[in-house]
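Working notes for the structure below.
Quantities reported herein were computed from a predicted structural model and do not represent experimental measurements.
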Amino acid sequence: MNIFMIGGTGLLGSAAAQIFIDKGHKVKTLSLPPIPVGSNLPNEMEIILKDANKLSDAEMLEIMKGSDIFVFATGVDERIEFSAPVYDAYYKYNIAPLERLLPLAKKAGMKGAVVCGSYFAWLAKNRPDMKLCDKHPYIKSRVEQENVCEKYSDKNFQVGVLELPYIFGTQAGRKPVWVILIEQLQRFEKMPFTMYPAGGTAMLTVRQVGQAIVGAAEQAMEAVKNNNGTFRAYGISCYNMTWREFLKIVYRAMNGTPNRKIVDVPKSAFKAFGLVMRKDYKERNVDAGIDPVGLADIMGMNLFIPTDDCKELGCTNDDIEKAIFDSIKLSKEAFEGKADLVEMKGE
């Protein structure tokens with residue numbers, strides 16, 4: 001296959017690119033500069049350092065020409081702050097590009113696309129009673145993103161969305177998203193225990209995300225070959241872990257603490273803290289993608305996803321504890337100003 005990717009120099013895109021290349025496929029990526037120092041990108045990948053949003057449709061079609069599969073491995077998540085209305089920012093970076101690029105990919109003769117989405121969409125669809133799209137602009141945007149992908153899917157062009165949970169692993173020279181967790185845990189630094197919700201989360205490693213992207217691309221090609229293309233939303237998880245289990249690993253990675261005491265935070269206390277966060281956001285003119293009061297309901301549940309889809313896509317076992325260690329160690333270095341790292345970008 002010939003793969004055209006947006007975000008191929010990023011954490012997830014580069015992992016997928018290497019696996020594509022190892023399997024004999026060709027990869028071309030359109031990415032934003034700068035390339036992180038020491039990022040160890042595949043030598044065989046063709047890299048075009050340009051902003052897709054600033055290219056004309058004719059220029060995009062020329063770049064896409066000859067490709068079989070489009071991979072959208074970019075966008076922004078709820079941890080990046082925006083002023084109100086925050087949904088507009090999510091639309092700009094996660095939805096509008098697909099409204100434009102998916103039709104162009106079809107026009108260029110491609111057979112399908114793979115989009116990196118969010119497991120919050122999986123939760124919203126599986127728990128409609130929680131009314132998450134009404135409460136959280138970010139979750140609404142991820143469901144809308146899937147709706148756009150489904151709109152452009154047909155028997156000749158299969159779009160697969162990977163509903164990605166928490167991801168662990170690092171790319172040399174790039175700042176991990178987990179710096180925010182290091183910041184949060186500082187408030188418990190002088191306490192003999194850490195207070196955290198009683199729930200848990202699905203997760204996987206960067207390499208496993210790469211495998212999922214490649215697997216979804218191969219499935220799209222095969223489906224269209226059989227005149228059977230459709231829309232696929234894959235619930236992604238290779239491991240399901242409680243916050244308590246996860247934080248014990250985090251503390252070992254941060255400072256070698258072998259068995260940090262973790263105390264469950266009552267949902268009422270978490271919601272009270274959410275009210276404080278609402279006030280802070282308002283004072284800083286920040287519009288929350290995930291409402292901090294409503295977040296208590298999500299963090300207090302075991303947001304576990306069956307591993308069936310990952311197995312179907314060819315994800316193999318990996319060392320999740322090492323991946324967490326690597327992520328937290330680099331995040332701590334970034335928090336302490338000991339590492340010069342490139343920030344993750346969406347635009």
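We find the CE-OH distance between Met203 and Tyr166 to be 9.0 Å, quoted to the nearest 0.5 Å. Between Asn126 atom CG and Leu132 atom CG the span is 11.0 Å, to the nearest 0.5 Å. For the atom pair CD1 (Ile182) and CD (Glu336), the distance works out to 8.5 Å, reported to the nearest 0.5 Å. Atoms CG and CG, on Asp51 and Leu49 in that order, are 11.5 Å from each other to the nearest 0.5 Å. One finds the NZ atom of Lys175 at 15.0 Å from the OG1 atom of Thr170 (value rounded to the nearest 0.5 Å). In this structure, Ser141 OG and Asp77 CG are separated by 10.0 Å, a value rounded to the nearest 0.5 Å.
For Phe168 and Phe246, the gap between ring centers is short of 6.0 Å.
Within 6.0 Å of CG on Asn40 lie no more than 12 heavy atoms contributed by other residues, nucleotides or ligands. Under a cut-off of 6.0 angstrom, the local environment of NZ in Lys28 is crowded, with over 12 non-hydrogen atoms contributed by other residues, nucleotides or ligands. Counting non-hydrogen atoms of other residues, nucleotides and ligands closer than 6.0 Å to NZ of Lys125 gives a total above 12. Within 6.0 Å of atom NZ in Lys332, more than 12 heavy atoms from other residues, nucleotides or ligands are found, so the atom counts as buried in its surroundings.
If you chain together hydrophobic residues whose side chains sit under 4.5 Å apart, Tyr93 and Leu101 never meet in one group. Linking Ile, Leu, Val, Met, Phe, Trp and Tyr whenever their side-chain heavy atoms come within less than 4.5 Å puts Leu204 and Leu162 in one cluster. Cluster membership for Val293 and Phe120, using ILVMFWY side-chain heavy atoms within less than 4.5 angstrom, is not shared. The hydrophobic clustering, which links ILVMFWY residues whose side-chain heavy atoms are closer than 4.5 Å, places Leu104 and Ile48 together.
Residues Lys107 and Asp57 are not paired through a salt bridge, judged by the lack of any N-O separation under 4.0 Å between the basic side chain and the carboxylate. Using a 4.0 Å cut-off between charged nitrogen and carboxylate oxygen, Glu81 and Arg284 count as a salt-bridge pair. We find that Lys26 and Glu46 are not joined by a salt bridge, their nearest charged nitrogen and carboxylate oxygen being 4.0 Å or further apart. Between Lys322 and Asp326, at least one side-chain nitrogen of the basic residue sits less than 4.0 Å from a carboxylate oxygen of the acidic one, meeting the salt-bridge criterion.
The two residues Cys149 and Val159 have their closest heavy-atom pair at CB-CG1, 3.6 Å. Considering every non-hydrogen atom in both Trp178 and Ile167, the closest pair reads NE1-O, 3.2 Å. Nearest heavy atom pair, residue Ala288 against residue Val86, reads O-CG1, 3.8 Å. Minimum interatomic distance between Thr194 and Phe188 (heavy atoms only, all atoms of both residues): CG2-CD1, 3.6 Å. Of all heavy-atom pairs spanning Gly169 and Val206, the tightest one is CA-CG2, 3.6 Å. Here the shortest heavy-atom pairing between Gly160 and Tyr234 reads CA-CE1, 4.1 Å.
Under a 3.5 Å cut-off, the side chain of Gln158 and the backbone N or O of Ala223 do not form any donor-acceptor pair. Judged by distance alone, the side chain of Asp318 and the main-chain N or O of Ile320 form no donor-acceptor pair under 3.5 Å. In this structure, the side chain of Asp68 does not engage the main chain of Lys111 through any donor-acceptor pair within 3.5 Å. No donor-acceptor pair closer than 3.5 Å links the side chain of Asn240 to the backbone N or O of Pro306. A donor-acceptor pair is defined here as one N or O able to donate and one able to accept, closer than 3.5 Å; no such pair exists between the side chain of Asn94 and the backbone of Gly75.
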With a cut-off of 3.5 Å and sequence neighbours excluded, list every side-chain donor-acceptor pair involving residues 2-10.
residue, atom, partner, partner atom, Å
Asn2, ND2, Gly66, O, 3.0
Thr9, OG1, Ser31, OG, 3.3

Residues 224-231, side-chain donor-acceptor partners within the protein, below 3.5 Å, at least two apart:
residue, atom, partner, partner atom, Å
Asn226, ND2, Glu222, O, 3.2
Asn226, ND2, Glu222, OE2, 3.4

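Under a cutoff of 6.0 Å and an axis angle of 45°, Arg142 and Trp122 do not form a cation-pi pair. Relative to the ring axis of Tyr87, Lys140 places its NZ or CZ within 45° and under 6.0 Å from the centre.
For the residue pair Arg232/Ser153, the side-chain donor-acceptor check at 3.5 Å is not satisfied. Looking at Tyr239 and Glu245, their side chains never bring a donor and an acceptor atom within 3.5 Å of each other.
Here Met277 is tied into one hydrophobic group with Phe273, Tyr281, Val286, each link being a pair of ILVMFWY side chains closer than 4.5 Å.
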Take Ile298 and His136, measure what side chain to side chain contact (heavy atoms under 4.5 Å, CB included) needs, and give me the verdict at the end. CA-CA 11 Å; Ile298 298 173; His136 308 286; 4.1 Å; yes

Is there a side chain to side chain contact (heavy atoms under 4.5 Å, CB included) between Ile47 and Ile35? Walk through the geometry before answering. CA-CA 10 Å; Ile47 301 174; Ile35 296 175; 4.2 Å; yes

Take Phe157 and Met110 through the side chain to side chain contact (heavy atoms under 4.5 Å, CB included) test and state the conclusion after the steps. CA-CA 7 Å; Phe157 188 81; Met110 292 197 216; 4.1 Å; yes

Where do Ile69 and Glu218 land on the side chain to side chain contact (heavy atoms under 4.5 Å, CB included) test, with the steps shown first? CA-CA 9 Å; Ile69 295 289; Glu218 292 174 339; over 6 Å; no

Is there a salt bridge (Lys or Arg N to Asp or Glu O under 4.0 Å) between Lys50 and Glu59? Walk through the geometry before answering. CA-CA 11 Å; Lys50 291 184 178 180; Glu59 289 172 320; 5.9 Å; no

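Of the residues listed (Thr201, Ile305, Leu303), the one engaging Ser237 in a side chain to side chain contact (heavy atoms under 4.5 Å, CB included) is Ile305, and it is the only one.
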